[in-house]
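Just below is one structure, and these are the notes that go with it.
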Amino acid sequence: MHFFDYKGSKLYAEGVSVEKIAEATGTPVFIYSAKTLARHFKAFDGAFKGAKHLICYSVKANSNLSVLKTFSTLGGGFDIVSAGELHRVVKAGGDTSKVVFSGVGKREDEIAFALKQNILIFNVESPEELRAIDKVAGRLRKKAGIAIRVNPDVDPKTHPYISTGLKKNKFGIETKEALKEYIYAKDNLKNLKLLGVDCHIGSQITQISPFIDAIKKVKGLIGKLRKEGIGVEYLNMGGGLGINYDDETPPHPSEYGARIVEETKDLGLTLIFEPGRNLVGNAGILVTEVVYTKEGSAKNFVITDAGMNDLPRPSLYDSFHNVIAVNKFKGRRKFKADIVGPICETGDFIAKDRSITKVKSGELLAVMSAGAYCFSMSSNYNSRTRAAEVMVKGRDFAVVRKRESFDDLTAKESMPRKLFAGKKR
Ligand SMILES: *Cc1c(COP(=O)(O)O)cnc(C)c1O
């Protein structure tokens, strides 16, 4: 559920006309709905009421400070995958004692920064990382809370690029080896607190069964840990609950919550979740202006001022985004077209062979479900300035990230004299 709806023929974000926002900011512009963000957070959080739990929003899905602040105000923690993301959490006023740190390649400086910020748990993805965290913690005279990310070898039945819990994926440690590592850590790595077990199996998962399969495997490990006198407090189920882009039918968080609580209640652990897409995906749209249309004998094209640098998901994962007109014009016929960006790559498309109402240059389109893994994956490719981001709340809206300027594009670059000194030709 989201709050982007037509009032008459005009698309609104909550109580504000999308056209009005585009007039004020220019295009392309991302628009986020605060009410939708809050609704999604509360739905997810509410799905676990009665069970001890912590919702750690996965920052990489959308790392805008105002998005982070929205969740932190609602009591959320954060799942980070870099020191840069931790910097954002701190800047947004997030509670670092509710931060978990994932990722296969945490550097020692990142580990040190996280320890200084007193985060809750490092989700550890390899034996070497486990030893590195112990070493850095020792140097800082700190105790690092850790959970080993186990790779439960279950198939999440999603796009191969976003499935992470199979043996062939780079993530986590196989269950058997994980047990050995916990025992080794208990006996040898004195700067660690063995707080939990972690498993994140992938993204855009639209069934509950892969999560349940993962729990079953992890439960076996927790039983063995207890026999070894290692009593963990947290079970981190990761993120991954899918959303509706097209005709998917992902379970509602309440259904997912009920099943997970049922499967885990005998463990007596605090559950951690790391939802990203589920909280923000449908809370954002990308508004773009049609620059040209081109009708050919083989294909029609709608060329927009947003490209793969703004919205990388279609070219990266061949993913589907619904595209709708910001103003519904009466009496327009439909046609089939590729909606493409201005970038010099054939892979630069927003939608392929899409049947849409005919649009004209200067008109606005809204790309739906653009709140997750869009702006956060955007780039400056083709020296395009990154889009503005706006947040709407009721009848109010504000720019939460300015559109980049040409000066921003070149701000970090230089032409050092010593490289160009010498005889002029
Ligand atoms: C990306 C990621 C998430 C969030 O995944 P969603 O599908 O957006 O919920 C959670 N945990 C980890 C470790 C991740 O890498």
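Just follow the structure's listing: the first ligand is 1, and inside any ligand the first atom is 1.
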- Task: Please confirm whether H321 and Y245 have ring centers closer than 6.0 angstrom.
- Result: yes
I want to know if ligand 1 touches [X] in the polar sense, i.e. an N/O pair below 3.5 angstrom.
X    : value
N278 : no
G240 : yes
S102 : no

- Is it the case that more than 12 heavy atoms not belonging to Y6 sit under 6.0 Å from its OH atom? yes
Protein contact to [atom] [nearest heavy atom, distance to 0.1 Å]:
atom                   : value
atom 7 (O) of ligand 1 : S203 OG, 2.3 Å
atom 5 (O) of ligand 1 : Y373 OH, 3.4 Å
atom 2 (C) of ligand 1 : K60 NZ, 2.3 Å

- Shortest heavy-atom approach to atom 3 (C) of ligand 1 - which of G239, S58, G103, P275: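 Looking at heavy atoms only, the winner is S58.
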- Item | K106/E129 ion pair, N-O < 4.0 Å |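 Yes, charged N to carboxylate O under 4.0 Å.
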With a 4.0 Å heavy-atom cut-off (strictly under), which part of [X] contacts ligand 1: side chain, backbone, both or neither?
X    : value
D79  : side chain
A61  : neither
E274 : both

- Item | Proximal atoms of ligand 1 relative to R277 (non-hydrogen, under 4.0 Å) |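 Those qualifying, in numeric order: 6 (P), 8 (O), 9 (O).
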- Query: Between F30 and F375, how do the two ring planes meet: parallel, tilted or perpendicular, split at 30° and 60°?
  - Reply: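 Plane angle over 60°, so perpendicular.
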- Task: Indicate the ring-plane relationship of Y256 and F211, choosing parallel, tilted or perpendicular according to the 30° and 60° boundaries.
- Result: perpendicular
- Is it true that F171 lies under 4.0 Å from ligand 1, counting heavy atoms only?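 F171: no contact with ligand 1 (<4.0 Å).
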- Task: Kindly give the heavy-atom pair with the smallest separation between L68 and V89, and that separation in Å.
- Result: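 The answer is CD1-N, 4.0 Å.
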- Calculate, to the nearest 0.5 Å, the distance between atoms CG and CZ belonging to D134 and R139 respectively. 11.5 Å
- Query: To the nearest 0.5 Å, what is the distance between CD1 (I146) and CG (L192)?
  - Reply: 5.5 Å
